[in-house]
Amino acid sequence: MYQRLWIMSLVPTLILILVGIALLVRFTAQAIEADEMSALDRWRTFLAVPLVTLLVQSVSFEPIELPQTLAAHLYFATHRDEWARAARASPDGVYSLEYLHGVPDGSLHFVHVPRGRPENLPIVRQIRLSGEPVKSCKRFEDEWFCSF
């Protein structure tokens, strides 16, 4: 349910970003083509060029991960009580919370490891966390976001 909410809110955000980029590119192109610029055009250019650069970089830098990251943060925030229960139940301080379960192709978990990386845990411990060995992990706040 929460993933649909994030995806639905992402569409208007992407539209706003694209309209902003289009306007900024237009102002930048006008400024480049103009022989003489008015003071207002100079300010538009002064603001538009860095903004276009930042927007293009932010949109082009792994855009697929943006909705996934937002959805993961929301899920993690709304399941803090389950995370706390898992922490209390773990004698060695290594515990996980399932985020997404894919039937044929593994699952995604939030994992807490006091020292080191989840990939460095013994295989038996990795399998106890999720039923499968760890494929890859990325840092997520103070925890790990792992694919099993």
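No single ILVMFWY cluster, assembled from side-chain heavy atoms under 4.5 Å apart, contains both Val94 and Trp83. Val134 and Trp144 fall within a single hydrophobic cluster, where Ile, Leu, Val, Met, Phe, Trp and Tyr side chains are chained together by heavy-atom contacts under 4.5 Å.
Remark: Arg115 CZ is loosely packed, at most 12 non-hydrogen atoms of other residues, nucleotides or ligands lying under 6.0 Å away.
Take Glu98 and apply the salt bridge (charged side-chain N to carboxylate O under 4.0 Å, His left out) test, not counting sequence neighbours, and it matches no residue. Take Asp92 and apply the salt bridge (charged side-chain N to carboxylate O under 4.0 Å, His left out) test, not counting sequence neighbours, and it matches Arg125.
With contacts defined as side-chain heavy-atom distances shorter than 4.5 Å, the pair Ser107/Glu132 qualifies. Arg85 places a side-chain heavy atom less than 4.5 Å from the side chain of Asp81. In this structure the side chain of Lys135 never reaches within 4.5 angstrom of the side chain of Phe148, judged on heavy atoms. By the 4.5 Å heavy-atom criterion applied to side chains, Phe145 and Phe110 are counted as neighbours. Taking 4.5 Å as the limit, every side-chain heavy atom of His109 sits out of range of all side-chain heavy atoms of Tyr99.
To the nearest 0.5 angstrom, Leu129 atom CG is 8.0 Å from Ser90 atom OG. Atoms CG and SG, from Leu108 and Cys137 in turn, are 10.0 Å apart once rounded to the nearest 0.5 Å. Taking CZ of Arg117 as the reference point, atom SG of Cys146 lies at 8.0 Å (rounded to 0.5 Å).
Of the possible donor and acceptor atoms, none in the side chain of Glu119 sits under 3.5 Å from a partner among the backbone N and O of Ser136.
Counting Ile, Leu, Val, Met, Phe, Trp and Tyr side chains that sit under 4.5 Å apart, directly or through other members, Ile123 shares a hydrophobic cluster with Ile127.
Of all non-hydrogen atoms in Leu97 and Glu82, the two that sit nearest each other are CD1-OE1, 3.4 Å.
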